[in-house]
Amino acid sequence: MSFFKDLNIAAFTAGFVAVLVGFTSSVAIVFQAAQAFNATPEQISSWMWALGLGMGLCSLVPSLWLKKPVMVAWSTPGAAVLATAGLAGGFSMGEAVAAFMVSALLITLFGITGWFEKVMNRIPVAIASALLAGVLARFGLQAFAAAQTALPLVLLMLAIYLVGKRLMPRYAVVLTLLGAIVFAAARGQLAWSEVNFSLAMPVFVMPQFSMAAVVSLAIPLFVVTMASQNLPGVAAIRAAGYGPDAADGGIPISKVITLTGLATLVLAPFGAFALNLSAITAAICMGEEAHEDPRKRYTAAALCGLIYIVIGILGAAVTGLLTAFPKELVVAIAGLALLGTIGGGLAAAVKDEDHREAALITFLVTLSGVVIAGVGSAFWGVVAGAIALFVQQYGKTSSAAPR
């Protein structure tokens with residue numbers, strides 16, 4: 001099978017790091033969202049089963065089929081919205097499931113019609129690159145901020161990374177991760193006691209449709225998923241060279257978004273609240289560190305999907321295994337693995353002098369993490385950059401018109 005021929009240690013590590021970062025950085029928020037609807041322990045386990053299966057299959061199958069890195073994740077801002085709105089509104093799990101399904105239908109509609117991709121095609125490369133850099137830069141900042149609580153670990157990881165980039169650049173992230181794990185294990189910082197081997201079982205919840213849940217849960221979930229997740233997700237795809245302007249046609253964005261909507265719709269009764277394009281973990285699997293050959297980086301995404309499926313099946317066991325790593329190790333490896341993508345995004349953002357200031361505004365607003373009307377900074381960064389660009393370019397003729 002060509003997959004095993006194309007897979008190498010760098011791609012394997014990229015896939016594992018993507019899961020480690022994507023899962024441990026936000027699994028607590030997902031738990032909070034489930035608890036906001038008074039979920040039982042069995043239902044929370046079912047959420048992990050549904051989300052793991054959904055993310056895994058939506059990443060694994062398209063990646064193998066297209067031979068391109070397709071990365072799908074759960075909606076972290078969506079989980080945050082649900083955690084807040086669920087507690088405030090006192091909704092039942094049945095009403096929550098119905099809201100998940102309505103949101104999924106809207107996402108499917110935007111995928112089938114291509115409306116979302118048409119909007120993305122109007123965003124200039126500089127703005128899209130600045131958006132991606134702003135989303136990822138927060139992880140870069142967190143990597144070095146972790147030194148406040150784990151200075152020896154972060155310094156060791158930085159040293160291994162820099163030496164690795166000099167001597168073995170293809171395996172710098174691999175060596176950094178291995179060195180960090182050995183160091184943490186030697187200091188007794190790996191919480192193996194959290195590992196509890198058990199299989200997750202799906203629990204079906206009958207949807208209960210109500211207008212209050214649609215207004216308070218479904219619509220906000222749809223908006224933040226599209227604006228704060230799919231928007232930077234598309235930016236990541238294009239920045240890595242897998243966009244529609246690629247020589248081989250790239251990743252069919254509308255079809256993938258349709259797939260995430262349909263998968264969410266099917267798995268919603270079991271706890272899959274929102275599946276969407278990934279940005280942060282996608283950058284890890286689509287970058288040069290994942291594979292020297294862009295045509296073989298799909299192996300990292302496929303492996304990531306396979307691990308997500310295992311997470312879904314084993315549930316609590318893998319959850320405990322991944323959360324056993326110190327949080328400083330997770331944020332540091334994420335920041336170091338994303339350095340190249342952050343730098344590339346910033347370079348593309350400021351390359352064109354006509355778009356430079358608008359791109360910087362997009363970058364800074366996105367980096368700020370500001371949340372307005374429940375919508376995250378990724379959306380507002382694009383809005384601010386677009387307004388700035390409109391003010392600066394209105395009435396002028398420019399050869400660098402939006403794509």
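- Among the candidates Met93, Glu95, Met101, the single residue satisfying the side chain to side chain contact (heavy atoms under 4.5 Å, CB included) test with Pro207 is Met101.
- Looking at every heavy atom in both residues, Leu275 comes nearest to Ala263 through CD1-CB, 3.9 Å.
- For the pair Ser129 (side chain) and Ala348 (backbone), a donor-acceptor distance under 3.5 Å is absent.
- Between Phe273 and Trp47, the two ring planes are tilted [angle within 30° to 60°].
- What you find for Leu177 and Phe16 is that their closest heavy atoms are CD2-CD2, 3.8 Å.
- Side chain to side chain, Arg138 and Ser377 meet the donor-acceptor criterion of an N or O pair below 3.5 Å.
- A donor-acceptor contact shorter than 3.5 Å is absent between the side chain of Thr281 and the backbone of Ser278.
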>> Between Phe37 and Leu82, is the side-chain contact (heavy atoms from CB on, under 4.5 Å) condition met? List the steps.
In response: CA-CA 9 Å; Phe37 304 109; Leu82 292 174; 4.1 Å; yes

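- Annotation: Phe183, atom CZ; neighbour count of heavy atoms from other residues, nucleotides and ligands within 6.0 Å is above 12.
- To the nearest 0.5 Å, atom CD of residue Glu357 and atom CG of residue Leu389 are 10.5 Å apart.
- Side chains of Ser254 and Lys118: no donor on one and acceptor on the other come within 3.5 Å.
- Smallest separation of non-hydrogen atoms from Ala98 and Phe209: CB-CD2, 3.6 Å.
- Neither side chain, Ser75 nor Gln229, offers a donor N or O lying under 3.5 Å from an acceptor on the other.
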